[in-house]
Undergrad: 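This is the structure, below, for whatever I ask next.
Because only heavy atoms are used, hydrogens play no part in the values below, and waters and symmetry mates are left out as well, while side chains stay in. Keep in mind it's a predicted model, so treat the numbers as computed, not measured. Convention: sequence-line order gives letters A, B, ...; per-chain numbering from 1.
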Number of protein chains: 2
Amino acid sequence: MSETATKENLGKEVEKEETGPGHIRLRNRALILQAAEEVFAEQGYRGATTAAIAERAGLPKANVHYYFGTKETLYRAVLDDILALWLGELDRLTEDSDPAEALADYIKAKVVHSRERPLASRVYANEMIRGAKHTGDFLKNDLKSLVKRKSRVLESWVAQGKMEPIDPVHLFSVIWAATQHYADFEVQVAALVGRRQMTARDFDEAADTIVRMVLRGCGLHYGKAAE
Amino acid sequence: MSETATKENLGKEVEKEETGPGHIRLRNRALILQAAEEVFAEQGYRGATTAAIAERAGLPKANVHYYFGTKETLYRAVLDDILALWLGELDRLTEDSDPAEALADYIKAKVVHSRERPLASRVYANEMIRGAKHTGDFLKNDLKSLVKRKSRVLESWVAQGKMEPIDPVHLFSVIWAATQHYADFEVQVAALVGRRQMTARDFDEAADTIVRMVLRGCGLHYGKAAE
DNA sequence: CTAAAACCTGACCAATTGGTCAAAATTAAT
DNA sequence: ATTAATTTTGACCAATTGGTCAGGTTTTAG
């Protein structure tokens, strides 16, 4: 039952004991969430059918509705996993860390993320493009306050003379845009590098390019690989 | 009849004479294409219904099918307009132009584009996210050869000692990602800057930030507004 | 072992969807 | 003015969709 569950860990409801009360619920919910993420990423909200999700999860359609009620609820559950993931990524930016190192690490982690969980990125991108109708509060509350908190870190770096002043919102926007691009627009990038699928090396080069631009853009010394 | 047509010029079939043979065809096709771009951008391919497109165009649904046959054909027509637009943008990058100036101009033009035609950007983003199933040839032929051509321009700049070497594919990827982000993720950026809608000034600051990072990333002198 | 709780699912349904069509209305050409 | 070509559209259809439900099976608790 862990064909899918081991490949991509969806957090919460996975990797529990194989038996015991509720283990069926846990297993099937994880199965459905995984399938739903795939179908929502490939087809968009409206394009995803509960039948397709059920089929990919290897369960009858009625079972999907048994666990999640409506497609809307299921979509929000998928989104919740993704949003939680999104928020936990900025932890490495702290006041006393080295800006160049911290930013480089963050960018590289985001690129790894684009390679390993492109579907999550695509579901999120789809949601934003369509106006964040299921996510309004997340943006205005959680994400905004997180960015505000991290903005203070950047300001402290500037105050400590560690880097040049820069608008934090635009800095984060560029980082997110550039890194997530390699998940969301993978087909385009792959076509341009002349491969059907991008290699790990392609992703590394992408990360290096982004790190180079961001660090220099902040007046930071770009250490390795820059020559 | 030009309420929509004047606001956003869709190229081909607009701004013809008000009378004469075929003028109805021209007017209605433009009306439908405009409406279709809106609905496809907001709802995605599958989420867009021909009925919704027809309603927004102010025409009965059967009329939409009269002009475009199928939803698929209509979608491709919308996409064709956008792809043509995409290709025409890189003209200002030529061998004998100044790299800093040319790149800055290009980035600024792309950001203006994100502000003025966000719907086109969103339809395109949606198409890429879903795997470019209607656009495969464009990527592998048109876009790839264009990028190859422009890569030679960059190489010539490097050879002339005007800038540092950089992987062109990743450079373009970062530029496209960062600039289009302000159209595709407008709700997110707007939430972060604390506005419901971004202002012209927000877009200008975004462009400046991107220009600063890209130019410095290429070892170019970032002239104005950097300080 | 037994009863309750949890889980399963084929069959079904109302609503929506992309698309068709034939008859009517309008516009163009002679 | 007459004919031909184009345009319009309400009515219709088969297929798909999200969702329901009743009656079943399996799992769990005491």
Undergrad: Look at the aromatic rings of Phe138(A) and Tyr124(A) and report parallel, tilted or perpendicular, splitting at 30° and 60°.
TA: perpendicular
Undergrad: Between Lys71(B) (NZ) and dT20(C) (C1'), how many Å, whole number?
TA: 17 Å
Undergrad: Scan residues 46-63 of chain B against DNA chain C and write down, sorted by residue number, each residue with any heavy atom closer than 4.0 Å; if none is found, say none.
TA: Ala48(B), Thr49(B), Thr50(B), Lys61(B), Ala62(B)
Undergrad: Begin with the C-alpha distance, continue with both residues' side-chain angles, and end with the deciding distance and a verdict on side chain to side chain contact (heavy atoms under 4.5 Å, CB included) for Asp184(A) and Met128(B).
TA: CA-CA 7 Å; Asp184(A) 304 339; Met128(B) 291 301 113; over 6 Å; no
Undergrad: Does a side-chain N or O of Asn28(A) approach OP1 or OP2 of dC8(C) to a distance below 4.0 Å, or not?
TA: yes
Undergrad: Using side-chain heavy atoms (C-beta onward) and a distance below 4.5 Å, is Glu127(A) in contact with Tyr75(A)?
TA: yes
Undergrad: What does the list of N/O pairs under 3.5 Å between the protein and nucleotides 2-5 of chain D look like, with a distance for each?
TA:
none

Undergrad: Does atom CD of Glu55(B) have more than 12 heavy-atom neighbours from other groups under 6.0 Å away?
TA: no
Undergrad: If you compare every side-chain N and O of His23(A) against the phosphate oxygens of dT28(D) (OP1, OP2), does one of them come in below 4.0 Å?
TA: yes
Undergrad: Please tell me if Tyr67(A) has a side-chain N or O lying less than 4.0 Å from either OP1 or OP2 of dC8(C).
TA: yes
Undergrad: Output yes when at least one side-chain N/O atom of Tyr66(A) is less than 4.0 Å from OP1 or OP2 of dC7(C), else no.
TA: yes
Undergrad: Do the side chains of Arg122(B) and Glu42(B) get close enough for a salt bridge, i.e. N-O under 4.0 angstrom?
TA: no
Undergrad: Indicate whether any N or O donor in one side chain lies under 3.5 Å from an N or O acceptor in the other, for His134(B) and Glu72(B).
TA: yes
Undergrad: Round to the nearest Å and state the distance from Leu74(B) atom CG to dT17(C) atom P.
TA: 16 Å
Undergrad: Between Arg25(A) and dA6(C), is there a contact of a side-chain N or O with OP1 or OP2 at under 4.0 Å?
TA: no
Undergrad: Within 45° of the ring axis of Tyr45(B) and under 6.0 Å from its six-membered ring centre, is that where the NZ or CZ of Lys71(B) lies?
TA: yes
Undergrad: How far apart are the C-alpha atoms of Tyr106(B) and His113(B), what are their side-chain angles, what is the distance that settles it, and do they pass the ring pair (Phe, Tyr, Trp, His ring centres under 6.0 Å) test?
TA: CA-CA 10 Å; Tyr106(B) 177 61; His113(B) 202 97; over 10 Å; no
Undergrad: Salt bridge check, Arg115(A) against Glu186(A): does any charged N sit closer than 4.0 Å to a carboxylate O?
TA: no
Undergrad: Rounded off to whole Å, could you give me the CD1-to-P distance for the Ile32(A) and dC7(C) pair?
TA: 11 Å
